Protein chains: 2
Amino acid sequence: MNRPAGAPVTIGAMERSSTTPGGSARREATRQKLYEAAVTLIAEQGFSATTVDEIAERAGVAKGTVYYNFASKSVLFEELLRHGVGLLTASLREAAERTALEGGSKVDALDAMVRAGLVFIDRYPAFTQLYVAELWRTNRAWQSTLMVVRQQAVAVVEDVLREGVAAGEFSEEIDVPLTAAALVGMVLVAALDWKSFQPERSLDDVHAALSRLLQGRVSGRG
Amino acid sequence: MNRPAGAPVTIGAMERSSTTPGGSARREATRQKLYEAAVTLIAEQGFSATTVDEIAERAGVAKGTVYYNFASKSVLFEELLRHGVGLLTASLREAAERTALEGGSKVDALDAMVRAGLVFIDRYPAFTQLYVAELWRTNRAWQSTLMVVRQQAVAVVEDVLREGVAAGEFSEEIDVPLTAAALVGMVLVAALDWKSFQPERSLDDVHAALSRLLQGRVSGRG
DNA sequence: ACTTTTGGACTGACCAGTCAGTTCAAAAGA
DNA sequence: TCTTTTGAACTGACTGGTCAGTCCAAAAGT
């Protein structure tokens, strides 16, 4: 059975993955189903504990199809990573640019990126979880893929920080890479906790709390 | 070494680590070796990808010994988690109390806890990595252990925040649980990035950068 | 016509957990 | 003092099961 027309696809929507130049529409749809199945299972159980048979079954596809579309289990996973982080960076960059066009400050840009990050995690919690679980591992096959992909995402934040320093909006003494990592961590962990332990809260609510922290409006009475 | 003659196997559970009521010194040493071997391997490869044979080999012990000391691979892992987080929470609490005794403000207490967190991660990077990788997973055997252990750690931060609000030092509008999670995330991710990508930097250096962020000294020149 | 998917049997490696047997230092006995 | 016994701790070969990856002829889709 095919997916109903127009039904949204999990990590999908990004056309023409760089890894697959000449895929037919049908093939692309199968890949999407496999991504969708794999992302949840791996987020729940981890890569090694997830079997190819499970992925195929959840995707409603034969095992042979998995190997027709991906060279191996690891390759499937790597392409999933690239795909997901591509979406995230695009979204972050877009948020920063939009703020710039509207004449906002760099703090506004950071705030917009915090929100973009929350929106992403809200939409793809399983992907985020899986990404965090793998990011700092060593000795794994997809190590280099992860490094590249991490740098892409963090670089967007670093760029905004550097621009803020250049424009005199941020102190020249801030440590750009480390501050960027800390900001990403702040959003990542707060959002994962939100999704895991207080999923009923609204995005606006969470965003407001993080904004306050970001803008140093923590000290002093209300 | 066998138990000394007549040494009482006290029923009162105040003695020894909670996980090992009546461990001999030899046994305790073996367990320690197994923890050390397991923590690195699992941090590098993940739980499922790490075999019991590997753990035994790295610990310099026969496979049977693993099962003599722990009921299963999962149980070994759970006790490892409890052990590690116990160390962390003790350290965080100690930092907060020390600051309080010295008459520091609540921001000082947070700052001291940030440093304690960094010291911990500096000393046990593998444990931290493994912890982060497992924390938000669902459907796993040690799920409940993780929840308990997470709450212990975050609660220390939450307590300081609440005290700060009560004392009028922090705004009454801050969202305590979420802000605590965000602060933990800030330190966690910054520290893991430090260890993974710039391990040559000093702890003081990293701490200074995070302090600046914590105290909102990011905006403005110099 | 050509591409993609199916289904499911098969292989070979790998691995968690078991268990009969070994080790050895301290306790008991002589 | 010397010998024997005890049993906790440890060993490692073995078992039963699992899983990634292969193969391929037939069917379905475009």
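Remember, predicted model here, so these are calculated numbers, not experimental data. All chains are named by letter (A, B, ...) in the order of the sequence lines, taking the proteins before the strands, and each is independently numbered beginning at 1.
Between Phe70(A) and Tyr35(A), the ring center distance clears the sub-6.0 Å criterion. Taking the ring centroids of Tyr131(B) and Tyr124(B), they lie at or beyond the 6.0 Å cut-off.
Contact check for Leu214(A) versus Leu183(A): side-chain heavy atoms found under the 4.5 Å cut-off.
Distance from the side chain of Ala62(A) is smallest to dG7(C) among dG7(C), dT4(C), dG17(C). Across dC10(D), dT5(C), dA20(D), the shortest atom-to-atom separation from the side chain of Thr65(A) is found for dT5(C). The Val61(A) side chain lies nearest to dT6(C) when the options are dT6(C), dA9(D), dA20(D). Residue Asp53(B) has its side chain nearest to dC15(C) when only dT6(C), dG21(D), dC15(C) are considered. Distance from the side chain of Ser24(B) is smallest for dA9(D) among the nucleotides dT5(C), dA9(D), dG21(D). Between dC10(D), dT6(C), dA28(D), one nucleotide has an atom nearer to the side chain of Arg26(B) than all others, and that is dC10(D).
A close approach under 4.0 Å does not occur between any side-chain nitrogen or oxygen of Tyr68(B) and OP1 or OP2 of dC10(D). Close to dC10(D), at under 4.0 Å from its OP1 or OP2, lies a side-chain N or O of Asn69(B). Regarding contacts with the backbone of dC14(C), every side-chain N or O of Thr51(B) stays at 4.0 angstrom or more from both OP1 and OP2. At dT5(C), one or more side-chain N or O atoms of Thr30(A) fall inside 4.0 Å of OP1 or OP2 (strictly under the cut-off).
Where Gly64(A) and Ala49(A) meet DNA chain D, the nucleotide closest to each residue was compared, and Ala49(A) sits on the side nearer the 5' end.
Protein atom OH of Tyr67(A) is 14 Å distant from nucleotide atom C1' of dT11(C), rounded to whole Å. The distance from atom CD of Gln45(B) to atom P of dC15(C) is 10 Å, rounded to the nearest whole Å.
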Practice task
Show your working on side-chain contact (heavy atoms from CB on, under 4.5 Å) between Leu92(A) and Leu88(A) and close with a plain yes or no.
Solution key: CA-CA 6 Å; Leu92(A) 290 179; Leu88(A) 172 61; 4.0 Å; yes

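Rounded to 10 degrees, the angle separating the terminal helix axes of the helix from dA1(C)-dT30(D) to dA30(C)-dT1(D), each built from five base pairs, is 20°.
Nucleic acid contact for Thr50(B): sugar-phosphate only, since backbone atoms but no base atoms lie under 4.0 Å from a heavy atom of the residue.
In summary, Glu54(A) and Arg58(A) do not engage in a salt bridge, as defined by a charged side-chain N under 4.0 Å from a carboxylate O.
Taking the six-membered ring for Trp and thresholds of 30 and 60 degrees, Phe120(B) and Phe127(B) have ring planes more than 60 degrees apart, a perpendicular arrangement.
Here the closest heavy-atom approach between residue Leu41(B) and residue Thr50(B) is recorded as O-OG1, 3.3 Å.
Judged by distance alone with a 3.5 Å cut-off, no donor-acceptor contact links the side chain of Lys73(B) to the base of dG17(C). Side chain Lys63(B) to base dG17(C): a donor-acceptor pair is found below 3.5 Å.
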